Structure formats: C-alpha cells, structure tokens
Amino acid sequence: MSQIALRMEHITVAYREGFVAINDAGIELEKGSIHGLLGENGAGKSTFVKLLCGVLSPDAGQIFLNEKPFSALNPADAARRGIIKLQKQSDLVPSLTVAENITLGDKQNSFWLEPEEGVEITNQLAQQFGIELDPNAIAAHLSEEDTLETELLKAVHHKVQVLIIDEPSTHVSMGQIGYLFQMLRRLADSGITVLYVTNRPDEVVHLCDRVTVMADGTTRQTMLVSETSQAQLKMLMASGRPRLKPVRTPFKPKREVLRITDLATFREPGKPALEDLDLVVREGEIVAVMGNADSGARQLCDAIAGLLKTVGGSVRLFDENITKDGMAGTRQLGVSFLINDPNTSGIAPRLSIQENLLPNQYTNPAYLKDGLLDGEKLRRRAEKLVEEYQIKCDSVEDMASTLSQASARKLLFARECSSEPVLLVAYRPTAATSTNNAALMRRKLIALRDEGAAILLVPTDLEEYQQLADTTLVLHQGRVAAYCEGLLEPSELDAYMTTPAQPANDEMEAKKP
C-alpha cells in the first residue's frame with residue numbers, strides 16, 4: 001500500500017459572508033508521486049495552495065503531513081516543515097552564485113558555511129540528479145534552464161517533502177515545459193511528492209500519476225491518469241459543458257503586410273538574440289513562431305515593437321521601413337501588440353476600464369460631436385467590448401485596478417484586437433487564462449485573420465499552434481531552423497527546436513552601427 005505524504009479532509013474556506021471559496025474538499029498525495037490539481041481559474045486551486053503554504057487557515061477540515069496534523073503560520077514556516085512552493089518569479093538572489101543561493105541560510109555550529117562547502121553541496125546535488133550546473137555561476141547570468149535547476153536543487157537541499165508547482169505554463173516557455181517535466185520526474189523518483197497545479201489537461205496527461213479535478217470550489221473526482229483522457233478531464237473541469245473548437249477557413253495567400261530582412265539583435269553584449277532573420281506575414285495569415293526559451297521569439301516581437309534595438313536588417317510594413325519607428329510610430333500605421341503583461345505594463349490601473357479599452361478613440365472623429373467628445377457613444381462602445389470579450393466588471397467607469405487578472409488580460413486583448421489592425425503581434429496571448437477564456441481569445445484571433453489582418457503569433461502552447469497556425473517558423477538560438485506553410489508534427493518541431501545553431505558572433509559584430 002502506498003504511503004500518503006499529504007492529506008486534506010473536508011476543507012472549507014469562506015472569504016466573506018455569502019462567498020465560500022472551498023466547500024468540503026479533499027485530496028490525498030502519495031509519497032514520491034506527481035499529483036495534478038486540475039481546474040479552471042476560480043475553481044479553488046489557489047486557495048488550496050494558500051492553505052498548504054500557511055497564507056490561509058481552513059474554516060473547517062484538517063490537513064495531515066505524513067499522517068500528522070499540519071498547520072503553518074506563514075510560507076517560511078511551511079517550508080521549514082517540508083512544504084515548498086516554487087515561485088512564479090525566481091526568488092534567487094541575482095548577485096549571489098548558484099552555490100550561495102542553494103545554501104542560503106545554512107549554518108554549521110552557529111557559523112555560516114564556507115564557500116567551498118556550498119560548492120561541494122551543490123556538486124553533490126547536481127550529480128545526484130544528473131545535472132550539469134556551475135556552482136560558481138552568478139544567478140543573474142543564468143539561463144532559464146539553469147535558473148530552474150537551481151530553484152529545484154535549492155528545494156531539495158532544504159529537505160522538501162511536498163513540492164508545489166503552481167500554473168507553470170504561465171511563466172515557463174513552451175520549450176522549457178518539457179525540461180521541467182523531466183526534472184519533476186527525477187524529483188518524484190527520489191521520493192519527493194509533487195503537487196502540480198494547472199488548468200491544462202494536456203500537461204496532466206503527459207506528466208502526472210494521479211489527478212484531482214476541482215470545479216466550483218470543490219474536488220469533483222480523483223483518478224489515475226492512466227485511466228482517463230484529456231477529453232474526460234475537460235468535461236469534468238467544465239461541469240459537463242462541452243467546448244467549441246475554433247472554426248477556420250482555408251488559408252489563401254494575399255499581399256505582404258510585414259517583411260523582415262536580415263534582422264539582427266543582441267540579447268546582451270556578445271550574445272546574439274537574432275541573426276540574419278527573414279520573415280514574411282501576409283494578409284489573412286497567421287505565422288506561428290516556435291522555439292525554446294532561448295530561441296529569440298520574444299526578442300523578435302520586441303524588435304518589431306521598437307522595444308529592442310536592432311543592429312542589422314530591416315522591418316517593413318507594406319513598403320514603409322518601420323525599423324526605427326518605435327511602438328508609437330508603428331501603432332499609428334495600424335499595428336497592434338499583445339506582448340505586455342496586463343498586470344505590469346499592459347494597462348493603466350488608475351484609469352477607467354473605458355479609458356483603457358479606448359485610449360486612441362479620444363482623437364477619433366467618429367467619437368466627436370460638435371467638436372467635443374461624444375461620451376455616450378464612447379460608453380456604448382466600451383460596454384459592447386466588455387460584453388463581447390466577457391470582461392467581468394460592474395461598470396466601464398470603474399478603475400482598471402478593480403479587475404481580476406483574467407479580466408485584465410481580456411481587456412488588453414479586446415483593446416488590441418478591436419482596433420482593426422493591419423498587423424497583430426501576439427506573444428503567448430492566452431498564458432495565465434482559463435480554458436474557456438483561451439478558447440474565446442483563439443476564436444477572436446481567427447476572426448481577425450479571416451477579416452484580412454496579418455498575425456505574427458508566438459503560441460502559448462502546442463494546442464494553440466495546432467489550432468491557429470497557417471505558416472510555421474521555427475527558431476533555434478536566434479536563427480531560422482525551419483520555415484514552411486502549414487503545420488509540423490510535434491516530433492518535427494522538437495527536432496528543429498533543438499537543432500544546433502551555427503555561431504555567427506563575427507558576423508553580428510560587423511553589423512554593429
């Protein structure tokens with residue numbers, strides 16, 4: 001019989017009178033297993049995590065760790081007792097080395113560890129899990145993979161018993177997800193229990209041993225992953241409501257909208273991000289840019305937006321060179337961008353929802369009446385967008401800061417897609433959204449494409465790629481590894497994304513102004 005590492009029984013949490021976040025829910029995690037906690041946004045998953053991390057206390061029910069009653073005063077207390085959550089934003093100290101971060105807080109006989117001891121501990125941990133990691137590397141200079149490895153080894157060093165991974169696909173690139181899965185499996189094989197919190201059934205099916213589905217604040221069902229399917233999990237998440245897949249018309253090549261020629265940029269001095277990149281996006285076409293974390297896909301979006309300085313090549317919209325125009329200049333030509341996080345730079349929290357939805361309409365003659373703004377017409381337009389994009393709010397006059405994260409993301413999406421763009425640049429547009437919201441956004445992208453817009457898309461995941469892409473561009477370390485019309489099979493994608501790139505530092509240096 002399997003040993004139970006963690007058990008939660010009859011858990012109830014009420015945030016305020018009349019609102020119960022979790023009602024009589026429970027879960028059991030077997031030692032050394034990867035257990036998925038699956039549910040839509042708002043299902044109660046985050047509240048479960050807060051209970052385990054000591055952020056909240058249950059109003060009813062009990063939690064047991066290794067069959068002993070468990071309660072934590074705060075996240076630090078939970079970590080000392082063996083429950084550690086991997087943070088969405090790295091909590092490594094940038095100025096410290098890998099070894100110093102892993103052993104941070106360690107003492108021996110009331111003295112801090114000597115540097116050599118930290119290096120030895122790090123090397124032993126890396127060897128245990130088959131990882132190549134420089135213990136003396138500075139955290140600020142680590143790749144995404146090395147940062148992830150350091151975070152996980154740090155948790156192991158601090159005696160983690162239950163490791164919580166919360167919605168990793170919201171902050172880990174598609175290419176890095178596969179590597180994360182490998183690392184989590186190694187941890188589970190060593191006896192560590194992993195609670196994998198997600199709203200993505202495909203991730204559960206590929207990674208987890210067992211899964212518990214949450215909906216409407218309660219745990220619906222727990223089952224072996226080997227005995228279920230993505231379709232069944234989706235139905236359980238949606239309380240039995242079927243979902244509609246986007247319907248799309250066949251792609252017919254039209255005139256060029258965006259042409260990129262020999263584009264080159266640097267990630268940092270001496271490290272190219274893009275090298276000699278050529279790309280065309282046509283009217284009514286969705287070009288999907290695929291690649292791992294260091295592929296340069298993000299830098300490509302930033303370069304088009306004017307947020308990243310180019311050192312060679314050109315970006316042309318129709319016949320106009322926009323390489324040096326910046327975001328404001330390209331927006332005036334009809335380019336929209338879905339590349340910002342709505343919680344950081346995408347929206348203005350102190351402005352109203354209406355002002356955020358219609359920032360450019362205040363100079364639009366269509367919204368002027370007798371030389372003055374037609375407030376009623378603006379309000380009706382904003383309310384129409386709120387309804388169309390299912391943005392949850394009491395009034396369009398409310399401040400944008402009152403929106404939930406999901407609604408803030410939909411506000412940003414509505415603003416960029418409703419401005420009739422000739423070109424839309426979208427970077428992982430459905431990240432951190434529920435399955436229903438992702439489906440809504442994908443339908444809108446297809447509608448935009450069918451209306452003739454050109455779309456450059458860095459897909460959030462494989463499903464999004466398969467549903468939306470007309471043309472595939474695969475990047476590997478800033479260079480084009482594959483470029484073709486239609487879709488590539490997952491095995492082909494993986495092969496191209498991991499194809500070694502040819503170094504071209506000398507060429508890049510020659511292109512510096």
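What's counted below: heavy atoms across the whole structure, side chains too, no hydrogens, waters or symmetry copies. Predicted, not measured: the structure shown is a model, and the values here were computed from it.
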For the residue pair V480 and L279, establish whether any side-chain heavy-atom pair is separated by less than 4.5 Å. no
Q332: what forms a side-chain hydrogen bond (donor to acceptor under 3.5 Å, both in side chains) with it, not counting sequence neighbours? none
Taking L277 as the fixed residue, which of T265, D262, T261, L263 is the one that meets the side chain to side chain contact (heavy atoms under 4.5 Å, CB included) rule? L263
Looking at every non-hydrogen atom in both residues, tell me the closest pair between V287 and V280 and how far apart they are. CG2-O, 3.8 Å
Any side-chain donor paired with an acceptor under 3.5 Å for K154 and N101? no
Counting only heavy atoms not in Y496 (residues, nucleotides, ligands), do more than 12 fall under 6.0 Å from its OH? no
Quick check: do T471 and Y483 have side-chain heavy atoms less than 4.5 Å from each other? yes
Just jot down the salt bridge (charged side-chain N to carboxylate O under 4.0 Å, His left out) partners of R80, sequence neighbours excluded, or say none. D77
Does E492 CD have over 12 foreign heavy atoms under 6.0 Å away? yes
I'd like to check the salt bridge (charged side-chain N to carboxylate O under 4.0 Å, His left out) partners of D146; sequence neighbours left out, ordered by chain and number. none
Any L423 side-chain heavy atom under 4.5 Å of P421 side chain: no
Roughly how far, to the nearest 0.5 Å, is the CG atom of L412 from the CG atom of N356? 9.0 Å
Answer yes if the side chains of Q124 and Q128 hold a donor-acceptor pair under 3.5 Å, and no otherwise. no
Name all residues meeting the side chain to side chain contact (heavy atoms under 4.5 Å, CB included) criterion together with S71; count only those two or more places apart in sequence or in a different chain, and write none if there are none. none
Set of residues satisfying salt bridge (charged side-chain N to carboxylate O under 4.0 Å, His left out) with respect to E151, sequence neighbours excluded: none
Apply side chain to side chain contact (heavy atoms under 4.5 Å, CB included) to H141 and list each qualifying residue two or more places apart in sequence or on a separate chain. I138
Test item: side-chain donor near acceptor, T472 and Y465, under 3.5 Å: yes
Begin with the C-alpha distance, continue with both residues' side-chain angles, and end with the deciding distance and a verdict on side chain to side chain donor-acceptor pair (under 3.5 Å) for S314 and T323. CA-CA 6 Å; S314 64; T323 312; 5.1 Å; no
The salt bridge (charged side-chain N to carboxylate O under 4.0 Å, His left out) partners of E100 (sequence neighbours excluded) come to none
State which residues pass side-chain hydrogen bond (donor to acceptor under 3.5 Å, both in side chains) with D202; sequence neighbours excluded, sorted by chain then number. R200
Given side chains that start at C-beta, do those of E464 and P429 come closer than 4.5 Å, heavy atoms only? yes
Please check: side-chain N/O of R185 versus main-chain N/O of L207, any donor-acceptor pairing under 3.5 Å? yes
With no hydrogens and no angle check, just 3.5 Å: does a side-chain donor-acceptor pair link T212 and H35? yes
Side-chain touch I164/L86, heavy atoms, less than 4.5 angstrom: no
Pairing residues for T193 by the side-chain hydrogen bond (donor to acceptor under 3.5 Å, both in side chains) criterion, not counting sequence neighbours: none
Find out whether K31 and N66 are in side-chain contact, i.e. whether some heavy atom of one side chain is under 4.5 Å from a heavy atom of the other. no
Report the C-alpha distance between E355 and R415 in whole Å, list the side-chain angles of each, state the deciding distance to 0.1 Å, and finish with yes or no for salt bridge (Lys or Arg N to Asp or Glu O under 4.0 Å). CA-CA 10 Å; E355 289 168 322; R415 182 183 73 205; over 6 Å; no
Counting only N and O atoms by type, is there a donor-acceptor contact under 3.5 Å from the side chain of T97 to the main-chain atoms of N136? no
Who pairs with D470 by side chain to side chain contact (heavy atoms under 4.5 Å, CB included), at least two apart in sequence or on another chain? R248, F251, E285, I286, R449
Pi-cation contact, F413 with K444 (under 6.0 Å, within 45°): no
Would K45 and E167 count as a salt bridge (Lys or Arg N to Asp or Glu O under 4.0 Å) here? Give the steps. CA-CA 10 Å; K45 308 187 305 297; E167 303 282 7; 3.5 Å; yes
Flag side-chain contact, heavy atom, 4.5 Å: F181 against E203: yes
Listed by chain and number, what are the side-chain hydrogen bond (donor to acceptor under 3.5 Å, both in side chains) partners of N199, not counting sequence neighbours? N41
Is there a side-chain contact between I304 and F337, using heavy atoms and a 4.5 Å cut-off? yes
For residues 297-307, pull every pair meeting side chain to side chain donor-acceptor pair (under 3.5 Å), keeping only residues two or more places apart or in separate chains. R298-D302
What are the two closest heavy atoms between R409 and M441, and how far apart are they? CG-CE, 4.0 Å
